[in-house]
Structures are given as structure tokens and as C-alpha cells.
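Reading through the C-alpha cells given below for one structure.
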Amino acid sequence: GTLMAIAVAGSYNGVAKNATIHSARVDSDCGTGISSGAGSFAFEFIGDHSPRPAVANWSVSRNCWWIFCGFTVDDAAAYARQQGVTVVVAAGNHDENACGFSPAHVTSLITVGASDLSDQRHSYSNYGSCVDLFAPVVGGGGTSTATALVSGAAALYLQTNPSASPSDVASALLATATQNVLSNVGAGSPNRLLYTDPPVLSVSITGPATVTVAGSKTWTANAINGEGPYSYAWYRKVDYWWPRGAATCHYDTAWQLVS
């Protein structure tokens with residue numbers, strides 16, 4: 001959960017750094033892992049009570065024989081989506097057809113497979129017509145991390161399009177995805193790779209705009225939307241004057257912040 005939250009909105013390398021994360025419990029009281037009942041309740045609660053706009057990230061996928069496709073989590077995830085929540089789910093890590101997994105087979109949700117740095121489908125990633133797009137994963141993050149990256153991209157879109165519906169968000173992500181660059185996507189899979197525009201890097205600087213040569217001053221620079229590089233410029237301003245009757249010229253020197 002924490003790792004997925006970092007991928008979605010981590011302050012250092014998350015996709016949507018300005019997004020707010022809210023957690024929802026999806027495990028059982030017995031500590032035995034994901035509970036279909038708890039997961040269903042979480043989706044229903046998010047659908048009814050979460051602030052808008054909202055994205056729900058579900059980095060879990062189970063064989064339909066285990067939690068019966070068409071019930072519980074499937075219905076609850078579809079309900080949250082009907083209530084205006086963009087729901088992004090994992091295709092699964094079994095190298096099988098995602099249409100046999102829950103809730104990956106629900107067509108109204110955004111189902112995500114995983115690709116590697118060589119632009120190939122990861123050998124473990126599920127595939128098929130129920131997959132909407134792939135996202136790149138380094139190491140063993142699986143389709144869970146790929147899903148989180150797409151959730152972050154959905155949040156970025158909603159930041160600038162807060163009234164967009166889940167259908168609008170899905171259409172935008174699919175329209176901007178890079179087409180036909182992946183290999184071995186698997187039978188029936190779309191050849192779409194997640195794409196987001198790079199963030200606009202900027203910096204805010206606080207401190208005196210002009211200082212004299214004597215003494216020391218402090219400036220504070222705060223990065224916005226990611227790490228640098230950033231540059232700062234000052235220029236030296238010198239004012240000369242010769243008072244009437246004086247034997248020497250007088251001048252003032254100052255450094256002034258430009259940018």
C-alpha cells in the first residue's frame with residue numbers, strides 16, 4: 001500500500017505530486033490478506049463519501065475462481081465508477097488472460113498491464129482484450145506498480161480537468177498513450193504505453209531582492225514539480241555621484257536578484 005501511494009503521489013518521484021492520498025482498508029480482520037468483503041466495502045465507501053475528483057487505485061488481481069467474477073469486488077468497483085470515481089486496477093501477474101481475473105475483467109474500469117525498460121510486456125504480466133494499456137515497471141513491482149503509475153496519470157489529468165468523468169479520464173489516457181512501441185504484448189492486448197507530459201519545473205525564491213556589499217543575506221529556494229536543475233542570476237548595480245565641492249567620487253554597490 002505505501003509503495004503504491006509513493007508511486008502515485010510521492011513528493012520526490014511520484015507521478016501526481018500534488019495529489020492527496022487517502023487510505024482504505026481492504027484486508028481481513030484475521031490478517032490473512034486481501035478480503036473481498038472489505039475490498040467491496042472500501043469501493044462502496046469511496047463511491048459514496050470520497051472528495052471529488054477522485055481516483056481509486058486497486059493494485060490487486062485474483063483469479064475469478066477465487067472470488068467469483070461478477071460479484072463483490074467487481075460490482076463494488078463498478079459502483080464506485082458509476083458514482084464518478086475513476087477506478088484503475090491491475091491486470092495481474094500470472095502471464096494469463098486478464099479477462100479471467102477480478103476486477104481486471106470489468107470493462108468499465110481501467111485495467112493496466114506491465115512493461116519493462118526494453119519496451120516489452122513483462123513476462124509475468126497478464127494480457128488480453130481486458131487490458132487497456134501498459135505502464136513501465138523497473139524490477140519486481142509488477143502490475144501493481146504499473147497500476148499506481150496510471151492512477152497518478154489519472155490524477156494529473158483531473159488536476160487540470162476536475163469535472164472530467166471517469167470515461168473522460170480513460171479516453172484521455174488512451175488517447176495520449178504511445179502507440180505500437182511495445183513488443184510481445186500478448187494475444188488480444190492493445191499496444192499502448194502510458195504517457196504523461198513532463199512536469200513544468202519552476203522555483204520560488206524568498207529573501208531580499210537587493211543587498212549591499214557589507215554583511216550577509218540568506219535566500220531560500222523551493223523547487224516546484226520536481227527536482228532541478230535550476231539557475232539563479234544576480235546583477236551588480238553601481239551608482240556613482242560626485243558631491244559638489246568633494247575631492248573624491250562616491251559610489252554605492254549592490255547585488256540585485258534577477259531570477
Side-chain angles (χ1 to χ4, degrees), residues 4 7-8 15-16 43 53-64 69-70 73-75 77-78 80-82 84-158 160-161 164-198:
M4 299 308 106
V8 172
V15 177
F43 272 125
V55 179
N57 181 83
W58 181 262
S59 289
V60 182
S61 188
R62 301 295 189 191
N63 295 88
C64 284
C69 281
V73 171
D74 291 348
D75 292 341
R81 196 261 188 194
Q82 292 168 3
V85 178
T86 298
V87 181
V88 186
V89 301
N93 300 323
H94 298 270
D95 188 27
E96 297 178 18
N97 193 321
C99 294
F101 289 75
S102 173
H105 76 107
V106 180
T107 57
S108 62
L109 312 181
I110 301 174
T111 299
V112 184
S115 62
D116 61 23
L117 294 185
S118 298
D119 285 338
Q120 301 182 80
R121 177 179 64 90
H122 258 299
S123 59
Y124 52 71
S125 175
N126 284 356
Y127 55 86
S129 60
C130 290
V131 174
D132 292 293
L133 76 169
F134 292 84
V137 174
V138 178
T143 57
S144 294
T145 301
T147 301
L149 297 177
V150 174
S151 292
L156 280 180
Y157 182 79
L158 286 168
T160 55
N161 302 274
S165 68
S167 294
D168 295 334
V169 176
S171 296
L173 293 178
L174 299 186
T176 57
T178 303
Q179 307 283 336
N180 302 318
V181 296
L182 299 173
S183 59
N184 189 32
V185 293
S189 300
N191 200 316
R192 301 189 191 104
L193 179 63
L194 174 68
Y195 177 83
T196 61
D197 290 322

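Every value quoted in this text rests on a predicted model; they were computed, and no experiment measured them. Numbers for residues simply follow the sequence, beginning at 1.
When atom types are taken as modelled, the side chain of Ser125 and the backbone of Arg121 share no donor-acceptor pair closer than 3.5 angstrom. Between the side chain of Asn126 and the backbone N or O of His94 there is at least one donor-acceptor pair closer than 3.5 Å. Side-chain N or O atoms of Asn191 include one that pairs as donor or acceptor with a backbone N or O of Val181 at under 3.5 Å. Listed for the Ser115 side chain is no donor-acceptor partner under 3.5 Å among the backbone atoms of Gln120.
Using a 4.5 Å cut-off on side-chain heavy atoms (C-beta onward), Tyr157 and Thr176 make no contact. Taking the side chain as every heavy atom from C-beta outward, Phe134 and His122 never approach each other to under 4.5 Å. Side-chain contact check for Pro190 versus Val131: some heavy-atom pair is nearer than 4.5 Å. Looking only at side-chain heavy atoms (C-beta outward), Phe43 and Val87 come within less than 4.5 Å of each other.
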Just distance, no hydrogens or angles: give the donor-acceptor pairs under 3.5 Å from side chains in residues 136-147, sequence neighbours left out.
| unit_1 | atom_1 | unit_2 | atom_2 | d |
| --- | --- | --- | --- | --- |
| Thr143 | OG1 | Gly92 | N | 3.3 |
| Thr143 | OG1 | Asn93 | OD1 | 2.8 |
| Ser144 | OG | Ser59 | O | 2.9 |
| Thr145 | OG1 | Gly141 | O | 3.2 |
| Thr147 | OG1 | Ala90 | N | 3.4 |
| Thr147 | OG1 | Thr143 | O | 2.6 |

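Residues that satisfy the side-chain hydrogen bond (donor to acceptor under 3.5 Å, both in side chains) test with Arg192, not counting sequence neighbours, are absent from this structure.
Between Ala16 and Leu156 the shortest heavy-atom distance is CA-CD2, 3.9 Å. Residue Ala187 comes nearest to Tyr127 through the heavy atom pair O-CD1, 3.6 Å, listed as atom of the first residue, atom of the second, then distance. In terms of heavy atoms, Ala78 sits closest to Val106 at CB-CG1, 4.4 Å. Residues Ser151 and Val8 share a closest heavy-atom pair of CB-CG2, 4.1 Å. Shown here for Thr196 and Ala153, the closest heavy-atom pair between the two residues is CG2-CB, 3.4 Å. Annotation for Gly152 and Val15: closest pair C-CG1, 3.5 Å, computed over non-hydrogen atoms.
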For side-chain contact (heavy atoms from CB on, under 4.5 Å), just list the numbers for Leu133 and Val112, CA-CA rounded to whole Å, side-chain angles, deciding distance to a tenth of an Å, and then say yes or no. CA-CA 5 Å; Leu133 76 169; Val112 184; 4.3 Å; yes
I would like to know whether Phe101 and Thr111 meet side-chain contact (heavy atoms from CB on, under 4.5 Å); could you show each step before the answer? CA-CA 11 Å; Phe101 289 75; Thr111 299; over 6 Å; no
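To the nearest 0.5 angstrom, Leu182 atom CG is 9.0 Å from Asp116 atom CG.
Salt-bridge check for Asp74 with Arg62: failed, with every basic side-chain N at 4.0 Å or more from each acidic carboxylate O.
For Ser171 and Asp168, the side-chain atoms include no donor-acceptor pair closer than 3.5 Å. Side-chain polar atoms of Arg81 and Ser167 form a donor-acceptor pair below 3.5 angstrom.
For residues 128-140, the set of pairs meeting the side chain to side chain donor-acceptor pair (under 3.5 Å) definition, not counting sequence neighbours, is empty.
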